[in-house]
Amino acid sequence: MNLVIMLTMTMVVATLMMILSFWLPQSSPYTEKLSPYECGFDPLGTARLPFSLRFFLVAILFLLFDLEIALLLPLPWAMNLPNPSLTLMWATTILTLLTAGLIYEWSQGGLEWAE
């Protein structure tokens, strides 16, 4: 019986919050609010503007090193395993590959913003 009461209360509160969210906000759009934030493109212009390839390279490098953090995040917990040598080998392999990639990008000039 308590489950039915809890589910009913949850549904009532969720429905009430959805109904209030439609009526409470005071919407007053103006040019500053409707413009895109920090993108640097004219929203009314052509969509076929050339992009800088360097921007995409830096974005991909950011994603790559962000993925490295995600892969190495469980490492402190894995060190508590009975035999952490396999974990350390994989972590060292990942770090070595990413360091080699970073050195390659650096030597090719991929991290230079100004020419």
Side-chain angles (χ1 to χ4, degrees):
M1 189 66 177
N2 285 338
L3 180 64
V4 173
I5 293 172
M6 185 64 93
L7 287 175
T8 304
M9 290 292 289
T10 303
M11 292 293 286
V12 167
V13 168
T15 305
L16 183 66
M17 289 174 65
M18 284 191 305
I19 290 171
L20 285 175
S21 71
F22 284 113
W23 284 304
L24 282 182
Q26 297 292 326
S27 179
S28 57
Y30 54 92
T31 309
E32 295 284 330
K33 194 183 273 188
L34 293 176
S35 68
Y37 299 120
E38 300 181 22
C39 73
F41 296 112
D42 180 20
L44 302 175
T46 179
R48 302 288 182 212
L49 294 174
F51 288 105
S52 170
L53 190 59
R54 197 164 304 276
F55 169 78
F56 290 110
L57 177 64
V58 171
I60 294 297
L61 285 174
F62 172 76
L63 289 175
L64 179 70
F65 287 103
D66 195 37
L67 180 63
E68 170 197 357
I69 300 299
L71 288 174
L72 295 176
L73 187 61
L75 191 60
W77 290 281
M79 293 299 293
N80 294 328
L81 292 174
N83 188 9
S85 61
L86 182 64
T87 304
L88 285 174
M89 182 196 67
W90 281 112
T92 304
T93 303
I94 290 171
L95 286 174
T96 304
L97 284 172
L98 288 171
T99 303
L102 179 64
I103 291 170
Y104 176 75
E105 284 294 326
W106 199 332
S107 68
Q108 295 296 315
L111 301 177
E112 306 270 335
W113 278 103
E115 306 243 353

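To the nearest 0.5 Å, the span separating CE on Met89 from OG1 on Thr87 amounts to 9.0 Å. One distance of note links CG of Leu24 with CE of Met17; it measures 11.0 Å at 0.5 Å rounding. The distance from atom CG of Leu7 to atom CG of Asn2, rounded to the nearest 0.5 Å, is 11.0 Å. Note that CG of Leu75 is 9.0 Å distant from CD1 of Ile94, once rounded to the nearest 0.5 Å. How far CG of Leu102 is from CG of Leu95: 11.5 Å, rounded to the nearest 0.5 Å. Distance check: Glu68 CD to Thr99 OG1 gives 7.0 Å after rounding to the nearest 0.5 Å.
Residues Asn80 and Pro76 come closest through the heavy atom pair ND2-O, 3.9 Å. When all heavy atoms of Ala78 and Pro84 are compared, the pair lying nearest together is O-CB, 3.9 Å. Nearest heavy atoms, Trp23 versus Ile19: CZ3-CG2, 2.5 Å.
A single hydrophobic cluster is not seen to contain both Leu98 and Ile60; linkage of ILVMFWY side chains at heavy-atom distances under 4.5 Å, directly or through other members, places them apart.
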Review point. After noting the C-alpha distance and the side-chain angles of Leu63 and Leu67, does the key distance pass the side-chain contact (heavy atoms from CB on, under 4.5 Å) rule?
Key: CA-CA 6 Å; Leu63 289 175; Leu67 180 63; over 6 Å; no
